[in-house]
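Structure first, then comments.
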Amino acid sequence: MKPSIPKGTRDFTPQEMANRNYIFNTIKDVFRLYGFQQIETPAMENLSTLMGKYGEEGDKLLFKILNSGDFLSGVSDVELEERNSNRLTSKISEKGLRYDLTVPFARFVVQNRDKITFPFKRYQIQPVWRADRPQKGRYREFYQCDVDVVGSDSLINELELIQIVDEVYRRLNINVVVKINNRKILSGIAEIVGETERITDITVAIDKMDKIGLENVNKELFEKGISTEAIGKIQPILKLSGTNQEKLNQLKTILASSEIGLKGVEELEIIFNLCKSLKLQTTVELDLTLARGLNYYTGAIFEVKALDVEIGSITGGGRYDNLTGVFGMPGVSGVGISFGADRIHDVLNQLNLYPETSEEQTQILFVSFGEKELAYCLPWASELRKRGMNVEIYPEPVKMKKQMSYADSKKIPFVAIVGETEMKENKVMLKNMKTGEQKLVGIDEIPAP
RNA sequence: GUGGUUGUAGCUCAGUUGGUUAGAGCGUCGGAUUGUGGUUCCGAAGGUCGCGGGUUCGAGCCCCGUUUUCCACCCCA
């Protein structure tokens with residue numbers, strides 16, 4: 001049979017893993033600088049945990065797991081005849097693969113509330129699955145790197161997340177812009193145009209602003225049944241321009257009659273002012289057309305875009321006031337962001353920004369001419385490993401050409417050649433694979449890593 | 001979920017209006033070179049042309065179905 005993997009999934013070669021680990025390690029290092037601690041949750045969750053948290057669309061994209069054993073035993077012929085997939089699903093499947101890391105985290109917080117202290121700062125790097133149709137930069141299995149802090153309303157948390165984004169992308173050498181908005185402002189907008197109920201339709205439409213343009217946004221709003229009058233009132237908001245502060249000032253006037261809208265403006269103002277005291281490399285930009293799909297966000301929302309690559313957002317997140325509420329723990333606010341490791345990988349790839357040498361590389365390979373020489377290499381290798389070097393011994397004394405090619409294909413910088421002469425002198429012939437130079441050396445003359 | 005696109009050697013791809021035995025480059029293996037890789041030269045292995053059906057004297061090529069890839073929409077990291 002022809003081997004294959006499910007669509008939208010990928011294998012990772014050693015080279016790709018080295019690159020991915022570079023991303024993960026960079027991100028982890030920065031998370032730890034701010035006191036975030038790692039957790040993991042199971043790949044599968046109970047469907048009751050997952051369903052209804054991501055909107056109607058999200059439910060469709062959940063991978064469901066068939067109950068084990070005779071999963072049809074509890075289903076009547078009538079139910080089978082009905083062919084109602086939704087109803088049948090709940091009978092034959094009670095588990096699903098996680099769709100993101102935030103909802104399982106909310107479940108984790110509620111379930112482990114006795115073991116954690118608030119504010120709780122956690123990070124989590126694990127794959128998530130979506131039954132989406134694969135596309136450019138979109139997979140059915142991909143990794144998210146989430147940082148969240150729950151149990152604190154302070155806007156300092158928002159600020160720290162911006163700092164983390166700034167530092168991660170500084171270390172990765174990717175130029176980005178942080179776009180920020182506030183759900184309360186969007187609610188305010190819906191309020192003043194008199195379409196409070198239609199906030200989702202309005203936000204989904206204006207979110208497409210930079211993609212389809214003003215005219216098409218208006219068209220979509222109209223098609224969604226928003227009144228012409230209301231659309232007219234939204235126009236000045238979509239056309240806002242100037243500095244962040246100028247935009248905020250204009251918003252204060254526009255949203256004067258909306259309490260919630262003004263609250264959102266105030267929150268953003270505080271964040272921008274706090275930003276000024278920091279030396280951020282990244283520009284933080286107020287973008288009123290930023291809406292983000294997930295409807296559990298209630299405060300600040302973020303999105304990070306790479307400036308030099310066309311790829312969509314590579315990081316996103318926001319504040320959610322009551323995510324743990326559905327699990328029976330109301331009043332806990334959280335804010336977090338998620339780094340899209342796979343898209344960051346694509347960006348680094350396109351810009352060729354991966355470091356040339358990886359920590360995972362073998363630094364020295366022992367090659368030998370016979371069984372005796374092979375045995376001679378063992379204590380040498382042990383000693384060098386004790387000194388912290390990554391060392392390999394070619395496990396068979398096959399032809400030199402084969403052993404050298406191996407070193408070459410793995411880009412191992414040094415080869416220690418062992419034959420009779422070397423053994424007699426208690427030395428090895430150390431060859432620098434880049435320059436081709438080689439000399440007879442004792443163990444203490446081998447350069448430290 | 002909707003529309004389009006793609007599939008030929010391990011990989012990247014040629015393959016004429018349908019016509020004998022389906023090719024190349026890279027990679028792999030062997031040799032030139034019995035203690036030296038990355039360069040060069042020679043040679044070899046490697047294919048149910050995604051799968052199933054149909055049209056035809058004859059199909060890699062045309063038709064139908066199916067699956068896969070990629071792209072757009074919906075949505076999203």
Side-chain angles (χ1 to χ4, degrees), chain A residues 1-10 13 23 54-62 85 98-102 125-146 200-201 203-205 207-208 211-212 216 220 223-224 291-295 302-306 311-318 336-347 365-370 373 394 397-423 428-440:
Chain A
M1 70 168 259
K2 200 174 175 184
S4 66
I5 53 176
K7 66 155 81 163
T9 64
R10 296 153 298 161
T13 60
I23 296 172
Y54 309 105
E56 210 177 309
E57 199 67 32
D59 284 355
K60 276 192 224 155
L61 299 179
L62 281 171
S85 302
R98 74 166 98 76
Y99 178 90
D100 73 354
L101 300 179
T102 308
I125 299 178
Q126 290 189 274
V128 303
W129 294 270
R130 294 184 188 179
D132 207 356
R133 199 178 276 206
Q135 219 183 101
K136 190 187 186 73
R138 282 170 83 164
Y139 309 98
R140 294 180 122 182
E141 177 186 63
F142 61 97
Y143 274 73
Q144 289 191 330
C145 313
D146 272 33
T200 307
D201 286 334
T203 53
V204 165
D207 189 41
K208 294 174 186 163
K211 204 170 173 183
I212 62 177
N216 289 316
E220 179 160 338
E223 280 163 6
K224 285 271 159 74
R292 292 192 63 74
L294 292 177
N295 45 26
F302 311 98
E303 196 156 286
V304 179
K305 290 208 153 141
I311 196 158
S313 91
I314 53 178
T315 293
I337 50 170
S338 178
F339 288 80
D342 298 280
R343 288 196 177 170
I344 294 172
H345 177 264
D346 289 346
V347 171
L365 172 77
F366 281 83
V367 302
S368 50
F369 286 104
E373 288 89 341
Y394 198 91
V398 294
K399 272 182 311 192
M400 211 23 67
K401 181 188 172 81
K402 172 72 187 157
Q403 301 189 60
M404 295 298 282
S405 308
Y406 178 81
D408 203 54
S409 70
K410 280 187 85 172
K411 298 194 172 63
I412 299 171
F414 288 97
V415 170
I417 303 162
V418 178
E420 265 179 51
T421 28
E422 287 82 8
M423 274 172 65
V428 298
M429 185 62 80
L430 187 69
K431 174 161 183 158
N432 180 328
M433 294 296 278
K434 205 155 196 173
T435 63
E437 287 172 284
Q438 58 181 51
K439 62 179 174 183
L440 211 54

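When reading the values below, keep in mind they use all heavy atoms of this one structure, side chains included, and skip hydrogens, waters and symmetry mates. Just so we're on the same page: letters track the sequence lines, and every chain starts at 1.
- As rounded to the nearest Å, G47(B) and G38(B) have C1' atoms that lie 31 Å from one another.
- Evaluation of F142(A) against the base of A77(B) yields a stacking contact (centre distance < 5.5 Å, interplanar angle < 30°).
- Remark: side-chain polar atoms of Q403(A) are not paired, donor with acceptor, to backbone N or O of M400(A) under 3.5 angstrom.
- Of the C1' atoms belonging to U39(B) and A32(B), the separation is 14 Å, rounded to the nearest Å.
- Taking 4.5 Å as the limit, every side-chain heavy atom of E141(A) sits out of range of all side-chain heavy atoms of R10(A).
- You'll find a donor-acceptor pair under 3.5 Å spanning the side chain of D408(A) and the base of G37(B), going by distance alone.
- Between Y54(A) and Y99(A), the two ring planes are tilted [angle within 30° to 60°].
- Backbone-only engagement by S313(A) is indicated by non-hydrogen atom pairs under 4.0 Å involving sugar-phosphate atoms exclusively.
- The nearest whole Å value for the distance from the CG atom in L62(A) to the P atom in C76(B) is 14 Å.
- Here, U8(B) and G4(B) have their C1' atoms 23 Å apart, quoted to the whole Å.
- Taking the P atoms as reference points, U6(B) lies 37 Å from C42(B), given to the whole Å.
- For A77(B) and G30(B), the C1' atoms lie 48 Å apart once the distance is rounded to whole Å.
- Distance R343(A) CZ to C76(B) P: 12 Å, rounded to the nearest Å.
- Scanning atom types as modelled, one donor and one acceptor separated by under 3.5 angstrom connect the side chain of Q438(A) and the base of U36(B).
- Comparing the same atom, P, in C62(B) and in G7(B) gives a spacing of 10 Å after rounding to whole Å.
- Residue M400(A) is classed as a sugar-phosphate contact, given heavy-atom separations below 4.0 Å to backbone atoms only.
- Taking atom CE on M433(A) and atom C1' on G38(B), their separation rounds to 7 Å, with Å as the unit.
- Nucleotides C29(B) and G65(B) have their P atoms positioned 45 Å apart, rounded to a whole Å.
- Rounded to a whole Å, the NZ atom of K305(A) is 12 Å from the P atom of A77(B).
- Separating the NZ atom in K208(A) from the OG1 atom in T203(A) is a distance of 10.0 Å, to the nearest 0.5 Å.
- In terms of polar N and O atoms assigned as donor or acceptor, the side chain of S409(A) never comes within less than 3.5 Å of the base of G38(B) in a complementary pairing.
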Set out, line by line, the N/O atom pairs under 3.5 Å between protein and nucleotides 70-74 of chain B.
{"from": "C71(B)", "atom 1": "OP2", "to": "K136(A)", "atom 2": "N", "distance (Å)": "2.5"}
{"from": "A72(B)", "atom 1": "OP2", "to": "Q135(A)", "atom 2": "OE1", "distance (Å)": "3.1"}
{"from": "C74(B)", "atom 1": "OP1", "to": "K208(A)", "atom 2": "NZ", "distance (Å)": "3.4"}
{"from": "C74(B)", "atom 1": "N4", "to": "R138(A)", "atom 2": "NH1", "distance (Å)": "2.8"}
{"from": "C74(B)", "atom 1": "N4", "to": "R138(A)", "atom 2": "NH2", "distance (Å)": "3.4"}

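- Using atom C1' as the reference point in both U68(B) and U21(B), the two lie 30 Å apart (nearest Å).
- The minimum heavy-atom distance between T9(A) and I5(A), with the atom names listed, is O-CD1, 3.3 Å.
- You'll find the side chain of L365(A) stays beyond 4.5 Å of the side chain of K410(A), heavy atoms only.
- Residue contacts for K60(A): at a heavy-atom cut-off of 4.0 Å it reaches no nucleic acid atom on any strand shown.
- Judged as a side-chain hydrogen bond (donor to acceptor under 3.5 Å, both in side chains), and not counting sequence neighbours, the contacts of D132(A) are R138(A).
- In this structure, K439(A) places its NZ atom where only 12 or fewer heavy-atom neighbours from other residues, nucleotides or ligands lie under 6.0 Å away.
- The residue G58(A) sits apart from the nucleic acid: no heavy atom pair falls under 4.0 Å.
- Of the candidates V418(A), I417(A), V415(A), T421(A), I417(A) is the only one forming a side-chain contact (heavy atoms from CB on, under 4.5 Å) with M429(A).
- Atom CE of M429(A) and atom C1' of U36(B) are 10 Å apart (whole Å).
- In this structure, CD1 of I417(A) is placed 9 Å from P of U36(B), rounded to the nearest angstrom.
- The interatomic distance linking I5(A) (CD1) with U67(B) (C1') rounds to 15 Å, in whole Å.
- Between K431(A) and F414(A), every side-chain heavy-atom pair lies at or beyond the 4.5 Å cut-off.
- Note: I344(A) CD1 to T315(A) OG1 = 4.5 Å, rounded to the nearest 0.5 Å.
- Mapping R140(A) and K7(A) onto RNA chain B by nearest heavy atom places K7(A) closer to the 5' end of the strand.
- Remark: RNA chain B forms stems of 3 or more consecutive Watson-Crick or G-U wobble pairs, all pair distances under 3.5 Å, at B:1-4 with B:70-73, B:10-13 with B:23-26, B:28-32 with B:40-44, B:50-54 with B:62-66.
- On a pure distance criterion of 3.5 Å, a polar donor-acceptor pair joins the side chain of K431(A) and the base of U36(B).
- For the pair F142(A)/R130(A), a side-chain contact is recorded, criterion being any heavy-atom separation below 4.5 Å from C-beta on.
- Using a 4.0 Å heavy-atom cutoff across all strands shown, E422(A) reaches at least one base atom of the nucleic acid.
- A77(B) atom C1' lies 15 Å from atom OH of Y143(A), rounded to whole Å.
- Where K399(A) and T421(A) each meet RNA chain B at their nearest nucleotide, the meeting point lying more 5' is that of K399(A).
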